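Being a predicted model, the structure only gives us computed values, none of them experimental.
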Amino acid sequence: MTRYSRHEHALLRGSTEHYLDARLYDHEYQRRRVDVNFYRRQAREGGREILELGCGTGRVLVPLVRDGHRVVGLDRSQNMLRRCAERVTRLPASVRERALLVRADFRRFALGRRWPLILCPFNAMMHLYNREDVYRFLECVRDHLAPGGRFCFDVLNPDLRWLTRDPHRRWSRTRFKDPVSGRSYYYSTNHTYDAATQIAWIRIYYDEIEAPAGRLPRSRVVELTHRQFFPEELLALLDHAGFRVERRDGGFDGEPFTAEADSQVCTCSMRD
C-alpha cells in the first residue's frame with residue numbers, strides 16, 4: 001500500500017478531484033473553444049499523427065480526429081477517459097478508428113514510437129509540482145517526439161494580483177444547473193497561494209440553491225492545485241531539457257507575450 005505524506009495527499013486531491021465528475025467538467029468548459037482552434041491549426045501545419053498528453057474528455061481530441069488526424073490520447077483519470085471514449089464512440093466508424101486512448105501518468109510512460117506533433121493543452125502541465133515532475137515529463141516528451149517534430153502546450157502566465165487575492169472571500173460566483181441532476185447551484189472559488197512551492201491551492205465551491213423536500217441544501221468543495229510557471233523559469237526548464245522554444249505567444253490567436261498576457265502558449269522543438 002502506497003503511503004503519502006499529508007502534503008502529497010493534498011496534491012493528489014488537487015490533481016484528481018476536479019476530474020472525477022467528467023460530465024460536469026464538460027459542462028463547465030463547453031464554451032472554451034479558442035484553444036481548440038489553436039491546436040487544430042497546429043495539426044494542420046504538419047500533425048497527421050498526434051500524441052495528446054492530458055486528453056481529458058476529448059475536448060481537443062475529438063475535433064482533431066474529425067479533422068482527419070490520428071490521435072493517441074493519454075490521461076491518468078479513468079473517469080475522464082471513460083467520458084472521452086463515450087464521445088469517440090458516437091463518431092462515425094471511419095472517424096473513431098483514428099482515436100486511441102491510453103491510461104497512463106504523463107510523467108512516466110513508454111509507448112514505443114514517436115510522433116511529429118505532441119500536444120499538452122489546457123494547463124495540464126500545471127499539475128507538475130516540482131522540478132523532478134517537470135523533467136520526468138519533458139523526458140517522456142523528448143523520447144516520443146519524432147526528429148523535426150513539434151511540442152505545443154499552454155500554461156497560465158502567473159498573475160500576482162490574482163494569486164494574492166483574499167483567500168477568505170469567494171470569487172467568480174455563477175449560477176448554473178447540473179447537467180445530470182438538473183439541480184441549480186452557485187459556483188464560486190477562492191484559493192491560497194504558497195509562494196515557496198509556487199502552488200495555488202484552489203477551492204471550487206458548489207452550493208445547492210434549493211434542496212428536495214425534507215433536507216437542507218448541500219454544499220461541496222472540490223480541490224484543484226496548479227503549479228505556477230514564471231516566464232523565465234519556464235524557458236530555463238525547457239532549455240535544460242533540450243528544447244528550443246520556437247515561439248511563445250500570450251494567447252491562442254498569436255497575441256504577443258507580455259507581462260499582462262493570460263497564458264504562455266508555446267511551440268517547441270528539440271535542439272540539434
Side-chain angles (χ1 to χ4, degrees), residues 9-40 50-67 69 71-92 95-107 109 119-129 137 153-156 172 174-189 191 200-208 218-227:
H9 182 73
L11 287 177
L12 183 62
R13 286 186 61 191
S15 300
T16 57
E17 285 192 351
H18 188 48
Y19 311 109
L20 292 176
D21 189 336
R23 291 183 182 276
L24 179 57
Y25 179 94
D26 267 354
H27 179 74
E28 291 183 5
Y29 299 113
Q30 62 183 327
R31 296 183 181 178
R32 182 181 169 90
R33 300 296 304 171
V34 64
D35 60 335
V36 176
N37 294 331
F38 167 79
Y39 289 110
R40 292 176 70 192
I50 301 168
L51 172 61
E52 183 185 354
L53 304 176
C55 67
T57 64
R59 195 176 57 86
V60 175
L61 181 145
V62 169
L64 290 176
V65 295
R66 281 179 175 154
D67 287 346
H69 308 288
V71 186
V72 174
L74 183 148
D75 204 285
R76 185 172 67 174
S77 169
Q78 185 173 359
N79 289 357
M80 299 289 272
L81 284 176
R82 186 181 296 115
R83 174 66 171 162
C84 186
E86 290 173 2
R87 297 176 69 178
V88 169
T89 300
R90 292 197 294 266
L91 298 172
V95 176
R96 64 175 179 261
E97 70 179 8
R98 294 195 290 267
L100 175 65
L101 304 182
V102 177
R103 187 182 182 197
D105 186 327
F106 64 18
R107 297 169 299 176
F109 66 93
L119 310 178
C120 190
F122 199 16
N123 309 319
M125 284 175 57
M126 296 177 73
H127 288 302
L128 301 169
Y129 301 116
F137 168 82
F153 69 91
D154 63 273
V155 294
L156 292 175
S172 306
T174 307
R175 180 172 178 151
F176 80 99
K177 183 175 290 187
D178 185 281
V180 176
S181 70
R183 294 179 182 141
S184 294
Y185 290 82
Y186 285 122
Y187 166 105
S188 61
T189 70
H191 60 270
W201 299 84
I202 302 165
R203 296 168 292 275
I204 304 171
Y205 300 89
Y206 298 93
D207 298 316
E208 194 174 31
R218 295 172 179 167
S219 297
R220 67 187 179 99
V221 182
V222 171
E223 303 282 347
L224 174 64
T225 42
H226 270 172
R227 153 76 179 274

Dump the intermediate steps for side-chain contact (heavy atoms from CB on, under 4.5 Å) on V71 and L119, then the final yes or no. CA-CA 10 Å; V71 186; L119 310 178; over 6 Å; no
Pair D21, Y206 - check side-chain contact (heavy atoms from CB on, under 4.5 Å), show working. CA-CA 13 Å; D21 189 336; Y206 298 93; over 6 Å; no
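- The closest side-chain donor-acceptor pair between H27 and Y25, if any, does not fall under 3.5 angstrom.
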Pair Y205, Y187 - check side-chain contact (heavy atoms from CB on, under 4.5 Å), show working. CA-CA 6 Å; Y205 300 89; Y187 166 105; over 6 Å; no
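- When every heavy atom of G56 is checked against every heavy atom of C84, the shortest pair comes out as O-CB, 3.4 Å.
- Counting heavy atoms from C-beta on, the side chains of Y39 and D154 come closer than 4.5 Å.
- In this structure, L20 CG and R13 CZ are separated by 10.5 Å, a value rounded to the nearest 0.5 Å.
- Rounding to the nearest 0.5 Å places CE of M125 at 13.0 Å from CZ of R107.
- Of all heavy-atom pairs between R103 and S77, the closest is NE-C, 4.5 Å.
- For D178 and R183, the salt-bridge test fails: no basic side-chain N is under 4.0 Å from an acidic carboxylate O.
- F153 places none of its side-chain heavy atoms less than 4.5 Å from the side chain of L53.
- In this structure, CG on N79 lies 12.0 Å from CG on L24, to the nearest 0.5 angstrom.
- Between the SG atom of C55 and the CG atom of L81 there is a distance of 5.0 Å, given to the nearest 0.5 Å.
- Smallest separation of non-hydrogen atoms from H191 and R203: C-NH2, 3.3 Å.
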Using the rule given for ring-ring contact (aromatic ring centres under 6.0 Å, His included), can you reason through H127 versus Y19, listing the C-alpha separation, both sets of side-chain angles and the distance that settles it, and then say yes or no? CA-CA 12 Å; H127 288 302; Y19 311 109; 5.6 Å; yes
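- A donor-acceptor pair under 3.5 Å is formed between the side chain of R98 and the backbone N or O of V65.
- Around CZ of R31, the count of heavy atoms belonging to other residues, nucleotides or ligands within 6.0 Å does not exceed 12.
- The closest side-chain heavy-atom distance from R227 to L128 is not below 4.5 Å.
- Taking all atoms of both residues into account, the shortest heavy-atom contact from F106 to C120 is CE2-SG, 4.0 Å.
- A donor-acceptor pair is defined here as one N or O able to donate and one able to accept, closer than 3.5 Å; no such pair exists between the side chain of R83 and the backbone of D26.
- Taking all atoms of both residues into account, the shortest heavy-atom contact from R40 to P63 is CD-CB, 4.0 Å.
- The backbone N or O of R76 sits nowhere less than 3.5 Å from a side-chain atom of D105 that would complete a donor-acceptor pair.
- With a 4.5 Å cut-off on side-chain heavy atoms, Y185 and T174 do not count as touching.
- When every heavy atom of R96 is checked against every heavy atom of L91, the shortest pair comes out as NH1-O, 2.7 Å.
- In the model, Y129 has a side-chain atom that pairs as donor or acceptor with a side-chain atom of S15 under 3.5 Å.
- In this structure, CZ in R87 is found 11.5 Å from CG in L101, a value given to the nearest 0.5 Å.
- No donor-acceptor pair closer than 3.5 Å links the side chain of T225 to the backbone N or O of E223.
- Each of H18, R220, E17 was compared with I204 under the side chain to side chain contact (heavy atoms under 4.5 Å, CB included) criterion, and only H18 meets it.
- A distance of 9.5 Å separates CG in L74 from CD in E52, rounded to the nearest 0.5 Å.
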